[in-house]
Amino acid sequence: MSPERLDIALAAAGLARSRSHARRVIEEGRARLDGRPAMKPSTPVPPGARLQVVDVPDGIEYASRAAHKLLGAMDTLGLDPAGARCLDAGASTGGFSDVLLRRGADRVIAVDIGHDQLAEHVARDPRVSVRDGISVRDLTPALIGGTVDLLVADLSFISLATVIAPLARVVRTGGDLLIMVKPQFEVGRAALPRTGVVTEPAARTAAVTGVAEAAAGAGLALQGVGPSALPGQDGNREYFLHLRPTGVTCAMDEVACDMIGDAVRENRSRHREISRGTPHDPADAPTDAQED
């Protein structure tokens, strides 16, 4: 009988919620096989081997892999949600909401067009207000009981440039937005390769710049740009924009363009570093599966 794959074995042992969750645990370097780090989902697990998952935050896994993206962005860009009234746009299973709560947010309004997706430990937190069935296009301060101090956004299958205005209007002047730009949803269907992965640095730069320009037109000033700590679906490189409402329409300047260019170049360098590591196994590709 052939040895079981590590990702399958972790799920079967109840150490991960699903195979995709097991892959996330492995990617984060938290899986142990007979006491040693195991870094590939395809690693064979011999019969009788001892499996562990270490460094479980607060004894409860984050609601999704996306949580680690937001953690990295907050640390890189210096944002602290402690005591803040926050909105998670596109909350899904609640990875971003989970981070906000664990870092001391006073209130988190979880908005999603879907229904009943939040992880149980997020949904039952008394600081969370669930707003299911709401499109971010329809967001207004009245709809959520007033403006927020901090808005975070993880949206898919939509260009942020088309919804940045409603996102901007629910954040108080002097507040902050931290939004994740996914180039695969910004470049347009005609420009997206068949693989679904935006590989050209120029295309990624244009995608991030397009969102930043739309934000400037909505009265949001760019404060910082950072690459995501983890890749997105199918290995796409993603970026966080830190924006702040100014109350007036502004324009992109040279400093903003340089910030974007630097973030894409840094991300490209990290990607080359990763690519020079162990041989690629297609089964090990990162995923943002909804079941997480």
Side-chain angles (χ1 to χ4, degrees), residues 24 27-29 57 62-105 108-111 122 136 148-156 160-161 163-164 167-168 171 175-186 198 204-205 207-212 214-215 220-233 235-245 255-256 258-271 273-274 286 288 292:
R24 172 161 68 89
E27 181 183 322
E28 292 163 5
Y62 280 109
S64 78
R65 176 177 180 270
H68 295 273
K69 299 180 183 183
L70 185 63
L71 282 167
M74 283 188 161
D75 290 343
T76 298
L77 299 172
L79 282 171
D80 181 6
R85 184 171 192 264
C86 305
L87 187 146
D88 180 2
S92 187
T93 54
F96 280 16
S97 293
D98 205 352
V99 170
L100 296 172
L101 294 167
R102 296 192 202 214
R103 293 211 165 182
V108 175
I109 303 162
V111 174
V122 175
V136 295
V148 299
D149 305 307
L150 171 64
L151 179 147
V152 296
D154 178 3
L155 302 172
S156 297
L160 282 169
V163 296
I164 196 69
L167 296 180
V171 181
D176 298 282
L177 296 88
L178 187 57
I179 62 175
M180 185 163 64
V181 180
K182 302 178 179 183
Q184 65 270 33
F185 301 126
E186 301 297 338
V198 182
R204 295 201 295 264
T205 300
V208 179
T209 301
V211 175
L220 299 172
L222 185 63
Q223 305 297 305
V225 187
S228 173
L230 294 175
Q233 189 173 5
N236 268 297
R237 319 311 295 177
E238 299 169 342
Y239 305 88
F240 279 88
L241 298 184
H242 174 202
L243 303 160
R244 187 166 289 161
V255 173
D258 286 345
M259 282 195 287
I260 293 170
D262 289 345
V264 172
R265 282 190 293 273
E266 179 185 358
N267 195 249
R268 185 185 181 194
S269 174
R270 288 180 182 175
H271 183 53
E273 224 171 80
I274 294 168
D288 274 342
D292 281 1

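Positions are given from 1, in the same order as the sequence printed here. Both backbone and side-chain heavy atoms feed into the values below; hydrogens, waters and symmetry mates do not.
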Is the shortest heavy-atom distance from the side chain of R237 to the side chain of P231 under 4.5 Å?
-> yes

Kindly say whether V208 contributes a backbone atom to a donor-acceptor pair with the side chain of E186 at under 3.5 angstrom?
-> no

Which atom of C86 lies closest to which atom of L100, heavy atoms considered | CB-CD1, 3.8 Å

Across all chains, not counting sequence neighbours, the salt bridge (Lys or Arg N to Asp or Glu O under 4.0 Å) partners of R244 are D176

Please identify each residue that fulfils side chain to side chain contact (heavy atoms under 4.5 Å, CB included) with T209, with sequence neighbours left out.
-> T205, E213, M252, I260

Less than 4.5 Å apart, any side-chain heavy atom of M259 and any of Q223?
-> no

Work out which heavy atom in A73 is nearest to a heavy atom in L178; give both atom names and the distance.
-> CB-CD2, 4.2 Å

Is K182 close to S156 at the side-chain level, that is, under 4.5 Å between some pair of heavy atoms?
-> yes

For A66 and F96 the tightest heavy-atom approach is O-CE1, 3.2 Å

Paired with L177, the side chain to side chain contact (heavy atoms under 4.5 Å, CB included) test is passed by just one of L87, V148, L150, L151, namely L151

Heavy-atom closest pair, residues P245 and V171 | CG-CG1, 3.8 Å

So, the side chain of R204 versus the backbone of V198: is there a donor-acceptor pair under 3.5 Å, distance only?
-> yes

Under a 4.5 Å cut-off applied to non-hydrogen side-chain atoms, are D262 and V225 in contact?
-> no

Roughly how far, to the nearest 0.5 Å, is CG of L230 from CZ of R24?
-> 9.5 Å

Go through the steps for V152 and V99 under the test side-chain contact (heavy atoms from CB on, under 4.5 Å), then give the verdict.
-> CA-CA 11 Å; V152 296; V99 170; over 6 Å; no

Which atoms form the tightest heavy-atom contact between G95 and S64, and what is the distance?
-> CA-OG, 3.3 Å

Do V122 and V108 have side-chain heavy atoms sitting under 4.5 Å apart?
-> no

Just jot down the salt bridge (Lys or Arg N to Asp or Glu O under 4.0 Å) partners of D258, sequence neighbours excluded, or say none.
-> none

For A89 and V136 the tightest heavy-atom approach is CB-CG1, 3.9 Å

Value for CG (L155) from CD1 (I179), rounded to nearest 0.5 Å, stands at 8.5 Å

Derivation of the side-chain contact (heavy atoms from CB on, under 4.5 Å) call for L70 and F240 | CA-CA 9 Å; L70 185 63; F240 279 88; 4.1 Å; yes

Within residues 70-96 or reaching into it, pairs that qualify as salt bridge (Lys or Arg N to Asp or Glu O under 4.0 Å) - sequence neighbours excluded | D75-R103

Carefully, step by step, assess R102 and Y62 under the rule side chain to side chain donor-acceptor pair (under 3.5 Å).
-> CA-CA 10 Å; R102 296 192 202 214; Y62 280 109; 4.6 Å; no

